[in-house]
Student: 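This is the structure, below, for whatever I ask next.
Throughout, protein chains are lettered first and strands after them, A, B, ... in sequence-line order, and every chain is numbered starting at 1.
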Amino acid sequence: MTKVRVRFAPSPTGPLHIGGVRTALYNYLFAKQMGGDFLLRIEDTDQTRFVPGAEEYIIESFKWLGLKFDEGVGIGGEYGPYKQSERKAMYKDYALELVNKGKAYYAFDTAEELAQKRAEAEAEKKNFQYDCHTRQSLKNSLALSEQETQELINSGAPFVIRFKFEENEQIEFDDLIRGHISVNSSLLDDKVLYKSDGMPTYHLANIVDDHLMLISHVIRGEEWLPSCPLHVSLYKAFEWEAPKFAHLPLILKPDGKGKLSKRDGDRLGFPVFPLEWQDPKSNEISSGYRESGYLPEAVINMLALLGWNDGTEQELFSLQELVDKFSIERISKHGAKFDMEKAKWFNHQYLQNVPNRVLAEEYLKELNAKGYNTNIEFVESIVALVKERCSFAKELWDNSDYFFVRPSEYAEKALKKRWKEGTSQRMNDIIDNLSKIEDNKEWGEKAEEFLMEYIPKNELNMGQIMNSIRLAIVGDTKGVNMVEIFKLLGKQESLERMKIASEKINL
RNA sequence: GCCCCGUUCGUCUAGUUGGUCCAGGACGCCAGAUUUUCAUUCUGGAAAUCAGGGGUUCAAAUCCCCUACGGGGUACCA
């Protein structure tokens with residue numbers, strides 16, 4: 001059996017779409033499971049759509065995700081170059097080979113002429129197609145005499161080379177996900193293989209490169225399924241063995257219809273791209289998973305499960321587990337709507353596994369940037385307490401700001417519920433009593449002990465008093481266990497805040 | 001329009017060769033418990049007449065056909 005070699009082949013026309021990331025991931029998982037190679041090829045045959053920075057973006061994205069290529073752009077390898085623009089010279093010979101074999105032909109119709117044909121057809125609610133029914137009436141080497149053709153070429157007239165589909169032939173192939181597919185060739189149009197600018201189209205380049213690079217499996221998005229019969233026919237025309245095909249379902253937008261687009265992310269508030277991207281022309285910024293606080297492991301896990309599962313109820317998989325358990329047969333056939341709530345849940349799961357120290361170091365930087373001077377041990381103990389209530393590291397602050405700042409105001413709702421007539425006086429009495437506790441490490445426990453005794457003794461309501469204290473110290477009804485707050489804040493600060501509240505609210 | 005692919009809870013899906021599926025899990029939602037609060041966590045609940053209609057069969061989410069709907073394609077773009 002030949003070695004498994006798969007490729008991810010994006011075109012550098014902008015940031016990498018999350019659907020593309022999933023395609024790459026599935027390629028990676030399959031390759032690694034089979035002990036094969038995973039290559040990165042850049043398909044930049046359309047020079048008009050080139051976007052500066054896109055290629056670097058793609059490479060950086062995979063670096064962040066932790067998916068390593070074995071071969072390709074940025075790595076090298078013995079089947080290079082891996083950028084199609086650098087392979088430009090070789091494609092023409094292959095196109096000509098097909099012409100010589102009678103499998104392709106020259107076409108001299110200009111873009112304008114074809115556009116007009118299409119417009120005419122559309123006016124009649126029909127569809128113009130360059131195919132076996134129309135090609136004899138168009139300007140090409142099939143309709144023209146050999147001499148006319150030669151003269152046109154010699155005169156330097158621009159031409160393209162088109163694939164010539166045979167008439168009424170069943171083109172059959174098997175898709176690893178969808179099974180057997182059969183299409184009649186008469187329905188297919190004679191796709192351009194070689195453009196007038198001297199570049200191949202995707203169709204030609206991808207077949208030639210996959211063949212030369214010994215690609216064994218083509219795993220790509222469903223949008224390629226309609227042109228797969230052409231690809232299969234090309235392999236046949238070249239008399240090459242075709243790779244196996246697997247066409248992945250698309251990722252759809254969460255609401256409404258259609259495939260997930262760049263706009264949906266910004267509209268619905270979740271990233272569509274792995275990394276933040278600024279469009280070089282419009283300067284428009286699109287958010288990225290990395291910048292939004294997602295962990296790469298969570299993104300990978302989430303994406304892997306969007307259209308695939310291992311048949312058990314397991315949902316959390318490490319990359320290695322995915323490699324071990326992945327199977328193309330278990331990929332679903334239909335598109336999947338992106339679910340941002342589930343994405344969030346995945347991140348929550350993974351965030352809990354990040355060591356407190358690591359999170360604390362990150363958080364400390366954020367605190368320093370905010371102007372708070374503190375130490376790593378203190379931050380680490382805070383992280384340990386509030387981590388589980390966060391889905392993202394950036395939520396740490398909202399869940400623990402009170403450890404660093406005194407409340408500047410008291411939440412209105414909480415105030416109404418937790419601070420009644422006479423509470424200030426009660427608070428003052430409690431402060432007096434707590435002041436008597438020795439200021440050391442045990443002060444928090446001692447304070448609790450005191451309150452557990454004091455509250456019932458004075459026939460007070462436990463919740464009411466504890467929550468008044470919480471309101472005084474935190475400024476809201478949120479926060480971790482009161483004793484933990486006492487401990488971390490220390491006696492002085494805790495009592496100070498209670499005093500301030502008692503004076504400020506004064507009820 | 002034409003071609004291709006698809007269609008199980010709101011969402012992601014399980015359901016491999018038809019029977020133990022009056023359809024299971026997860027996210028989300030709702031309720032209860034725990035927590036002196038909020039969040040977390042735990043327990044429970046609602047939630048798909050398996051797109052609809054015809055077959056085949058003793059038996060169909062599972063096989064066949066039709067319809068509807070959804071998606072993709074229909075460029076000298078990938």
Student: Within this structure, what is the CG-to-P distance between Leu260(A) and U11(B), rounded to whole angstrom?
Tutor: 16 Å
Student: Indicate, with a heavy-atom threshold strictly under 4.0 Å, whether Ser11(A) touches base, sugar-phosphate, or nothing.
Tutor: sugar-phosphate
Student: What's the closest nucleotide to the side chain of Trp345(A) if the choices are G24(B), G72(B), C27(B)?
Tutor: C27(B)
Student: Kindly indicate whether the side chain of Arg389(A) and the base of C38(B) share any N or O donor-acceptor pair separated by less than 3.5 Å?
Tutor: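 In this structure, the two groups form a donor-acceptor pair.
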Student: Let me know the distance between NE2 of His203(A) and P of C77(B), rounded to the nearest Å.
Tutor: 10 Å
Student: How many Å lie between CZ on Phe317(A) and P on C12(B), as a whole number?
Tutor: 18 Å
Student: May I ask which nucleotide in the shown strands pairs with U67(B), Watson-Crick or G-U wobble, both distances under 3.5 Å?
Tutor: A51(B)
Student: According to the Watson-Crick and G-U wobble definitions, with both distances under 3.5 Å, which nucleotide is paired to A78(B)?
Tutor: none
Student: Assess whether one donor atom and one acceptor atom, taken from the side chain of Thr477(A) and the base of C38(B), lie less than 3.5 Å apart.
Tutor: no
Student: Arg470(A) near the nucleic acid: base, sugar-phosphate alone, or nothing, with a heavy-atom cut-off under 4.0 Å?
Tutor: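 Arg470(A): base contact, heavy atoms under 4.0 Å.
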Student: Paired with U56(B): which nucleotide, if any, by Watson-Crick or G-U wobble criteria at under 3.5 Å for both distances?
Tutor: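 Base partner found: none.
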Student: Taking the C1' atom of each, how far is C21(B) from G15(B), in whole Å?
Tutor: 8 Å
Student: Roughly how many Å is it from NZ in Lys253(A) to C1' in G70(B), rounded to a whole number?
Tutor: 13 Å
Student: State which residue, out of Lys164(A), Lys103(A), Arg162(A), Arg135(A), fulfils the salt bridge (charged side-chain N to carboxylate O under 4.0 Å, His left out) condition with Asp190(A).
Tutor: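 The salt bridge (charged side-chain N to carboxylate O under 4.0 Å, His left out) with Asp190(A) is passed solely by Arg135(A) among Lys164(A), Lys103(A), Arg162(A), Arg135(A).
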Student: With the side chain of Thr45(A) defined as its heavy atoms from C-beta on, choose the nearest nucleotide among C3(B), A78(B), C5(B).
Tutor: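 Closest nucleotide among those given: A78(B).
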Student: Could you state the NZ-P distance from Lys333(A) to G6(B), rounded to the nearest angstrom?
Tutor: 7 Å
Student: With rounding to whole Å, what would you report as the distance between U41(B) and C5(B) at their C1' atoms?
Tutor: 43 Å
Student: Which nucleotide in the set U11(B), U37(B), G15(B) lies at the smallest distance from any side-chain heavy atom of Arg330(A)?
Tutor: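 Within the option list, the nearest is G15(B).
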Student: Side chain of Asn309(A): nearest nucleotide among A14(B), G71(B), A26(B)?
Tutor: A14(B)
Student: Tell me whether the centres of the aromatic rings in Phe486(A) and Trp443(A) are closer together than 6.0 Å.
Tutor: yes
Student: Return the minimal non-hydrogen interatomic distance between Arg87(A) and Leu212(A), and the atom names on each side.
Tutor: NH2-CD2, 3.7 Å
Student: With the side chain of Glu388(A) defined as its heavy atoms from C-beta on, choose the nearest nucleotide among C12(B), C4(B), A39(B).
Tutor: A39(B)
Student: Between G28(B), A39(B), A78(B), spot the one nearest the side chain of Glu341(A), thanks.
Tutor: G28(B)
Student: Quantified in whole Å, what is the C1' atom distance between nucleotide C69(B) and nucleotide G45(B)?
Tutor: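 Their C1' atoms lie roughly 32 Å apart.
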Student: Nearest of C12(B), C4(B), C76(B) to any side-chain atom of Leu306(A)?
Tutor: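 Side chain of Leu306(A) sits closest to C12(B).
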Student: Say you pick atom P in A60(B) and the same atom in G19(B); how far apart are they, in whole Å?
Tutor: 11 Å
Student: State the pairing partner of C2(B); accept Watson-Crick or G-U wobble contacts with both distances under 3.5 Å, and report none otherwise.
Tutor: G73(B)
Student: Checking Thr149(A) against Tyr105(A): is there a side-chain donor and acceptor pair closer than 3.5 Å?
Tutor: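 Side chains of Tyr105(A) and Thr149(A): no pair found under 3.5 Å.
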Student: Is the shortest side-chain heavy-atom distance between Ile42(A) and Tyr82(A) below 4.5 Å?
Tutor: no
Student: Mind listing the closest non-hydrogen atom pair of Asp131(A) and Ser186(A) along with its distance?
Tutor: OD2-O, 4.2 Å
Student: Should Lys344(A) be listed as having a side-chain N or O under 4.0 Å from OP1 or OP2 of C12(B)?
Tutor: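 Answer is no, no contact under 4.0 Å.
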Student: Can you check the Glu120(A) CD to G1(B) P distance for me, whole Å?
Tutor: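 Interatomic distance, CD of Glu120(A) to P of G1(B): 22 Å.
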Student: Expressed as a whole number of angstroms, how long is the span from Leu176(A):CG to C5(B):P?
Tutor: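 Leu176(A) atom CG is separated from C5(B) atom P by 16 Å.
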Student: Would you say Ser332(A) places a side-chain N or O within less than 4.0 Å of OP1 or OP2 belonging to U13(B)?
Tutor: yes
Student: Closest to the Arg49(A) side chain: C77(B), C3(B), U74(B)?
Tutor: C77(B)
Student: What is the base-pairing partner of U17(B), counting Watson-Crick and G-U wobble geometry with both distances under 3.5 Å?
Tutor: none
Student: Which whole number of Å gives the distance between the P atom of G18(B) and that of A61(B)?
Tutor: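 Between the two P atoms, the distance is 13 Å.
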Student: Ignoring the backbone of Asp339(A), work out which of C4(B), A78(B), C27(B) is nearest its side chain.
Tutor: C27(B)
Student: Picking from Phe270(A), Phe392(A), Tyr294(A), what satisfies ring-ring contact (aromatic ring centres under 6.0 Å, His included) with Tyr289(A)?
Tutor: Tyr294(A)
Student: Side chain of Leu250(A), heavy atoms from C-beta onward: which of A26(B), G72(B), C76(B) has the nearest atom to it?
Tutor: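 Nearest to the side chain of Leu250(A) among the choices is G72(B).
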Student: For C27(B), give its Watson-Crick or G-U wobble partner with both distances under 3.5 Å, or none.
Tutor: G10(B)
Student: Tell me which of Phe338(A) and Glu43(A) sits closer to the 5' end of RNA chain B, going by the nucleotide each one is nearest to.
Tutor: Phe338(A)
Student: Does C77(B) have its OP1 or OP2 closer than 4.0 Å to a side-chain nitrogen or oxygen of Thr201(A)?
Tutor: no
Student: In this structure, how many angstroms lie between the C1' atom of U11(B) and the CZ atom of Phe270(A), rounded?
Tutor: 12 Å
Student: Below 4.0 angstrom from OP1 or OP2 of G73(B), is there any side-chain N or O of Lys259(A)?
Tutor: yes
Student: Looking at C77(B), I'd like to know if its phosphate oxygens (OP1 or OP2) sit under 4.0 Å from a side-chain N or O belonging to Lys195(A).
Tutor: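 Answer is yes, contact under 4.0 Å.
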Student: Below the 4.0 Å mark, does U13(B) have OP1 or OP2 next to a side-chain nitrogen or oxygen of His334(A)?
Tutor: yes
Student: Can you check whether Phe173(A) reaches Tyr235(A) side chain to side chain, under 4.5 Å on heavy atoms?
Tutor: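 No, their side chains stay 4.5 Å or more apart.
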Student: With a 4.0 Å cut-off on heavy atoms, is Ala111(A) in touch with a base, just the backbone sugar-phosphate, or nothing at all?
Tutor: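 If one applies the 4.0 Å heavy-atom cut-off, Ala111(A) turns out to touch a base.
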Student: For Leu225(A) and Leu252(A), find the nucleotide of RNA chain B closest to each by heavy atoms; which residue's nucleotide sits nearer the 5' end?
Tutor: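 Its nearest nucleotide being more 5', the pick is Leu225(A).
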Student: What residue among Ile431(A), Ile473(A), Ile469(A) forms side chain to side chain contact (heavy atoms under 4.5 Å, CB included) with Ser494(A)?
Tutor: Ile473(A)
